[in-house]
There are 2 protein chains.
Amino acid sequence: MAYRSTDALAPLVVRLRAVVHLTDKEAEIIRALPFTVREVKAGWEIVREGDRPSQSCLILDGVSCRFKIVGDGGRQIVSVHIPGDLPDLQSFHLKTMDHNLATLTPSRIGLIPHSAIHHLMMSSPRMANILAREGLIDGSIFREWICNIGRRPALTRVAHFLCEIFVRYRLIGANDGMTIPFAFTQTELADAQGTSTVHINRVLKVLKTDGMISIAGKALTVHDWEKLQETGDFDARYLHLSEAEAAAV
Amino acid sequence: MAYRSTDALAPLVVRLRAVVHLTDKEAEIIRALPFTVREVKAGWEIVREGDRPSQSCLILDGVSCRFKIVGDGGRQIVSVHIPGDLPDLQSFHLKTMDHNLATLTPSRIGLIPHSAIHHLMMSSPRMANILAREGLIDGSIFREWICNIGRRPALTRVAHFLCEIFVRYRLIGANDGMTIPFAFTQTELADAQGTSTVHINRVLKVLKTDGMISIAGKALTVHDWEKLQETGDFDARYLHLSEAEAAAV
DNA sequence: TAATTTCATTAACATATGTTATTGTCATAC
DNA sequence: GTATGACAATAACATATGTTAATGAAATTA
């Protein structure tokens with residue numbers, strides 16, 4: 001159930017530091033945010049299209065995604081979120097949800113009241129700035145996603161996606177060498193890439209056969225990072241990492 | 001060349017009022033923003049990927065688009081912008097451009113220094129809020145665009161796009177009944193929809209033959225709004241219009 | 001006005017990707 | 001420890017969409 005634990009917001013601080021410099025004092029302010037934690041299972045719908053949430057959600061553990069259902073019943077996943085992400089920060093400004101947010105794996109999520117976010121943004125222009133940046137990076141990732149689906153063939157698209165989540169996991173230090181958590185089903189990958197499960201299967205097979213990656217259990221290992229990046233037409237600049245982090249990619 | 005004219009920023013006020021209530025005083029503050037106006041021809045690159053602009057651009061007249069070039073040289077247009085739009089407001093927070101912004105038609109654009117935007121945002125929390133909303137609506141449109149390209153067939157996708165720009169033109173009062181400006185070439189439509197020019201041509205033919213639209217000169221007329229919306233699986237909620245405006249759609 | 005260039009339209013053909021269906025493996029539950 | 005259901009892997013086949021190329025109209029430039 002809901003409880004409060006010490007420094008549970010650490011993933012957020014780590015995540016923000018990948019993109020912006022935070023002083024110790026600023027980090028302290030963030031860690032002091034009020035929140036409640038919930039443990040939820042896979043497939044839990046955190047917020048639904050049409051909802052008007054009064055809190056925003058922080059992923060503490062697990063993977064979530066935002067998605068919409070189109071007219072013929074198809075699902076399009078528009079983003080995936082890992083620990084440290086604030087996938088519905090926007091609901092603070094845009095009151096009505098225009099999409100759904102759900103967990104893909106069993107997860108721990110932190111719920112931060114909008115009032116606290118309001119307070120944080122008012123506390124200093126810099127904090128407001130940092131949160132605004134988060135939302136805009138979100139937008140940048142959407143733009144890249146549009147390019148992926150619109151103009152890159154499925155193999156490239158999937159490779160690009162793998163590169164992105166690999167970098168994002170590494171940013172939060174959730175990698176084990178070249179291995180990252182990877183619990184996506186092929187159906188989920190298909191819904192994210194705007195393709196079919198069968199084709200995802202075909203494309204993954206190529207990436208494995210060509211020695212770029214392997215998937216075992218719920219983990220992905222990258223064996224040839226150079227080749228994967230090249231295959232995926234991947235350039236991390238759209239993630240707007242801090243210079244230090246960018247250098248590490 | 002650059003000059004200053006009285007109330008040139010009116011399109012911005014009209015645009016903002018479609019989404020949020022502005023008091024007369026607030027409108028006045030916006031109209032008082034410092035800016036320079038440039039008349040540019042079609043194909044003018046306002047900012048390029050990698051640039052670090054010190055001003056943001058407001059479309060006063062004409063159509064612009066944001067786009068990226070992918071590995072094989074293909075172009076993906078990620079958004080289109082009409083008068084009243086602030087397509088690179090984000091460059092205020094995200095210093096380095098992750099995409100290009102260019103005019104598609106001869107245009108008049110206003111250039112607002114970042115310092116003035118900073119000043120505006122500091123002037124009142126509400127102004128900061130309004131600008132944040134603009135950026136987030138941008139993100140919402142991106143999400144819908146992802147759904148379009150990822151999960152809707154080309155006919156639906158194009159119809160959806162036409163619905164969107166129709167509504168957006170109507171919001172700023174730039175329609176003449178059911179007719180709006182429409183200067184897109186089929187190549188541009190293809191690059192926006194992630195498809196080919198030939199296929200755009202096929203799909204437009206269907207929309208015309210079925211009596212939904214006609215295109216003449218540089219104008220689009222909607223003959224059957226209901227059917228076009230239905231064909232395009234279009235629901236304007238993602239545009240986050242004010243209640244009054246939403247009712248009019 | 002003639003010369004160019006851009007754009008729309010279409011046909012013929014190629015192919016990446018979608019669809020349906022079957023099978024086997026693995027995890028979870030009872 | 002068997003039953004159930006999710007998931008991955010393939011095969012066979014269908015099709016939406018891409019590609020190339022040719023033509024004519026319309027806009028632009030000389």
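Atom set for the values below is all heavy atoms of this structure, side chains included, hydrogens, waters and symmetry mates excluded. Per chain, numbering begins at 1; letters A, B, ... match sequence-line order.
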B:His199 side-chain proximity, nearest of D:dG18, C:dA21, D:dA8: D:dG18

Nearest-angstrom distance from the residue atom CG of A:Leu207 to C1' of D:dA9: 16 Å

d(CG, B:Asp72; P, C:dA16) in whole Å: 13 Å

First of B:Lys205 and A:Leu155 reached from the 5' end of DNA chain C, by closest nucleotide: B:Lys205

Separation of D:dC7 P from A:Leu104 CG (nearest whole Å): 11 Å

Nearest-angstrom distance from the residue atom CZ of A:Arg152 to P of C:dT17: 14 Å

A:Ile149 CD1 to D:dT17 C1', straight-line distance once rounded to whole Å: 17 Å

Sugar-phosphate, base or nothing in reach of A:Lys208, heavy atoms under 4.0 Å: sugar-phosphate

Plane angle bin for B:Phe142 and A:Phe142 - parallel if under 30°, tilted between 30 and 60°, otherwise perpendicular: tilted

Interatomic distance, B:Ile200 CD1 vs C:dT10 P [rounded to whole Å]: 15 Å

Residue B:Ser196, side-chain heavy atoms: nucleotide from C:dA11, D:dG18, D:dA11 that is nearest: D:dG18

A:Tyr238 and its side-chain hydrogen bond (donor to acceptor under 3.5 Å, both in side chains) partner, picked from A:Glu164, A:Arg143, A:Glu144: A:Glu164

Sugar-phosphate only, base, or nothing, as touched by A:Gly74 at under 4.0 Å among non-hydrogen atoms: nothing

Parallel, tilted or perpendicular, as decided by the 30° and 60° cut-offs, for the rings of A:His160 and A:Phe234: perpendicular

Distance, rounded to the nearest Å, where A:Ile215 contributes CD1 and D:dA9 contributes P: 8 Å

Mutual orientation of the aromatic rings belonging to A:Phe184 and A:Phe161 [parallel < 30°, tilted 30-60°, perpendicular > 60°]: perpendicular

Result of checking A:Asp138, A:Asp98, A:Asp88 against A:Arg66 for side-chain hydrogen bond (donor to acceptor under 3.5 Å, both in side chains): A:Asp138

B:Asn201 vs C:dT9: side-chain N/O to OP1/OP2 distance below 4.0 Å: yes

Touch class at under 4.0 angstrom, heavy-atom based, for A:Thr195 against every strand present: sugar-phosphate

A:Arg151 or A:Gln186, whichever maps to the more 5' nucleotide of DNA chain D: A:Gln186

Of A:Arg202 and B:Thr185, the one whose closest DNA chain C nucleotide lies more 5': B:Thr185

Spacing between B:Arg75 atom CZ and D:dG18 atom C1', to the nearest angstrom: 18 Å

